[in-house]
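In each ligand, atom 1 is the first atom listed, and ligand 1 is the first ligand listed.
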Amino acid sequence: MSLRKFRQADWEEPLIFELGSEERVGFSVPSLEPELRDTVDDIVELVPNGMLRTRPPMLPEVSEIEVLRHFIHLSQMNYGVSSGLFYPLGSCTMKYSPVINEVLAGHPRLTGAHPDQDVSSVQGVLEFMHELKKGYLEVMGMDDASLQPAAGAHGEYLGILITRAYHADRGELDSRREIIIPDAAHGTNPASAMMAGFKTVEIPSDEDGGVDLAALKSIVGPQTAGLMLTNPNTLGIFDSNVAEIAEIVHGVGGLMYYDGANLNAIMGKCRPGDMGFDVVHVNLHKTFSTPHGGGGPGSGPVGVKAFLADYLPVPDVVEMEGVYSLSWDRPKTIGKIHGYHGNVGPMLRAFAYMLTLGGEGLKEASEISVLNSNYIASKLKDVRGYTLPFAEGKPRMHEAVLSALKMEEETGVRALNVSKKLLDYGLHAPTTYFPLIVPEALMIEPTETEPLEALDMFIEAMKEISDLAYTNPEEVLGAPHDTTLSKLDEARAAHPKTICLSWRTYCQLYR
Ligand SMILES: *Cc1c(COP(=O)(O)O)cnc(C)c1O
């Protein structure tokens, strides 16, 4: 069996994980010097009884080149922004993370630092956190922030806890029970609001894809704690009524929460703080580089207007005469939301990203990402089987959501099949079936880091798939054909019990 190309069926025998041969070694260590023998014995004695191994670990016995080839092979089976042609994962901003950011984030001065170290020995880390926060406040138009949250959803949760603390402080928590959330929102929004103890009220989108103002007016009241909004929303549409929305919500005493998971369309162009938002989060791991496939680590800093700053988590990095320290001085803080200070790797990448691009560069990145998504949307919206629902004729922002509903009705080929077929072209699938308000959704976000040739290649592939759907639908329905694994069982592939994180899992699964 070739190691390069194997199919699911081959895995019934876990041959591929039996790469080792007895007594083959991939390392050489100098033999123990006799005078150190006693020292080693002393150390061994320190290990509590019962914690010493009684038999050697079960590891494959392999030579160095075999190990190297094994991991290179695994990496080639993986798909990433730096290996693949195009990764248009809408709402996720899979942009290229510049190598310099990776080098910095992997530098031993950062990876070797421990958060328990005395602050005098980690001045550099505290300094870039402090500077990053300044940049963040500038981009967001907010007054203060916390870098602690480790993800977008985590930031939302913190933002809603702050909202809650604010209402509690005013003695209104018992009556303000509702958080209003548009039907286009990311699923994390209602989840965060519920976890913080609120009831969620869904508000429909109007035909332009924005918040339906009449509906909003009819559901706000003294029971409203706040509204969570993504702008531009998950349809890639900018809600130009945002100032009026803020006025309505503020008018009844509610707060405006900005889900800025994805800031790629507006950074440097306009600021959530100027749109009327009181609490915001941004996913540094989307807009400000950091590869974030596979679930992290991420960073979702939360920014607030001055009147909410007292509720932010502690500690905060403060600077006095060029010396950085940690301040715990926030009597009304909601507490800590993360052990220590959050994930500093994505923070450093974001800081490097801001510095290398500069204010003008950030703005240009937004402009190009918007241009790229409109280019794709305009080329595909009239291709047979695809449509661009909502706000007909209006431009999109950083992403666009096509629908394959017509294709499904006319040929039986669904959005899922289109996505799978794209894999045969060596392209990554777009986000599929989200947002929920678009049937057969294909949510495409090219980002600013893709060249025109990549956009054209994607457009060409989407057109060919449309032709195939109408001439040879079986070909699309059976896709993918050319990947390492062909069609997976969707449920098993995503189930934590069957997801394969080590070779042992395969042995158990396919014995
Ligand atoms: C990605 C995303 C989130 C959640 O961010 P995580 O870091 O995955 O928790 C929330 N809202 C929107 C609009 C997003 O795109």
Side-chain angles (χ1 to χ4, degrees), residues 81 87-95 97 136 140 146-161 179 181-196 200 202 205 209-211 226-239 242 256-267 272 275 277 279-303 337-338 342-343 345-347 349-350 369 373 396-401 430-438 441 443-447 494:
V81 229
Y87 206 137
L89 206 56
S91 197
C92 285
T93 315
M94 299 301 294
K95 68 171 68 178
S97 190
Y136 173 89
M140 299 304 288
S146 167
L147 302 176
Q148 265 183 35
H154 201 191
E156 291 168 26
Y157 180 59
L158 170 58
I160 300 300
L161 287 184
I179 299 273
I181 302 173
D183 57 5
H186 197 273
T188 48
N189 290 190
S192 304
M194 300 271 285
M195 278 182 68
T200 59
E202 186 175 281
S205 304
V211 170
L227 176 137
M228 298 178 88
L229 193 67
T230 308
N231 199 23
N233 65 16
T234 61
L235 294 165
I237 294 169
F238 188 87
D239 197 326
V242 63
M256 288 285 286
Y257 183 89
Y258 182 76
D259 174 351
N262 191 315
L263 212 68
N264 225 32
I266 66 160
M267 57 176 170
M275 295 179 208
F277 289 95
V279 196
V280 306
H281 89 263
V282 172
N283 285 16
L284 295 185
H285 52 283
K286 286 181 182 171
T287 306
F288 298 95
S289 76
T290 289
H292 57 99
S299 178
V302 164
I337 189 99
H338 193 287
N343 290 327
M347 289 180 205
R349 288 187 186 92
S369 84
S373 82
R396 304 293 132 147
M397 301 298 281
H398 59 292
E399 62 196 5
V401 184
T431 298
T432 311
Y433 298 120
F434 181 78
L436 305 176
I437 52 175
V438 173
M443 184 193 211
I444 301 156
E445 179 179 3
T447 84

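Screening N233, N189, T234 for a side chain to side chain donor-acceptor pair (under 3.5 Å) involving D259 leaves a single residue, N189.
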Checking side chain to side chain contact (heavy atoms under 4.5 Å, CB included) for the pair L161/I337: CA distance, chi angles, key distance, verdict? CA-CA 10 Å; L161 287 184; I337 189 99; 4.2 Å; yes
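Atom OG1 in T287 sits 8.0 Å away from atom NE2 in H398 (nearest 0.5 Å).
Side-chain contact annotation: D183 with S205, donor-acceptor N/O pair under 3.5 Å present.
Residues passing the side-chain contact (heavy atoms from CB on, under 4.5 Å) test with A400, sequence neighbours excluded: A377, L388, R396.
Note: H186 and F434 have perpendicular aromatic rings, judged against thresholds of 30 and 60 degrees for the angle between ring planes.
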So what's ligand 1 close to, N/O to N/O, under 3.5 Å?
residue	atom	partner	partner atom	Å
ligand 1	5 (O)	N283	ND2	3.0
ligand 1	7 (O)	G152	N	2.7
ligand 1	7 (O)	N283	ND2	3.1
ligand 1	7 (O)	H285	NE2	2.8
ligand 1	9 (O)	G152	N	3.3
ligand 1	9 (O)	A153	N	2.8
ligand 1	11 (N)	D259	OD1	3.2
ligand 1	11 (N)	D259	OD2	2.6
ligand 1	15 (O)	S91	O	2.8
ligand 1	15 (O)	S91	OG	2.7
ligand 1	15 (O)	K286	NZ	2.8

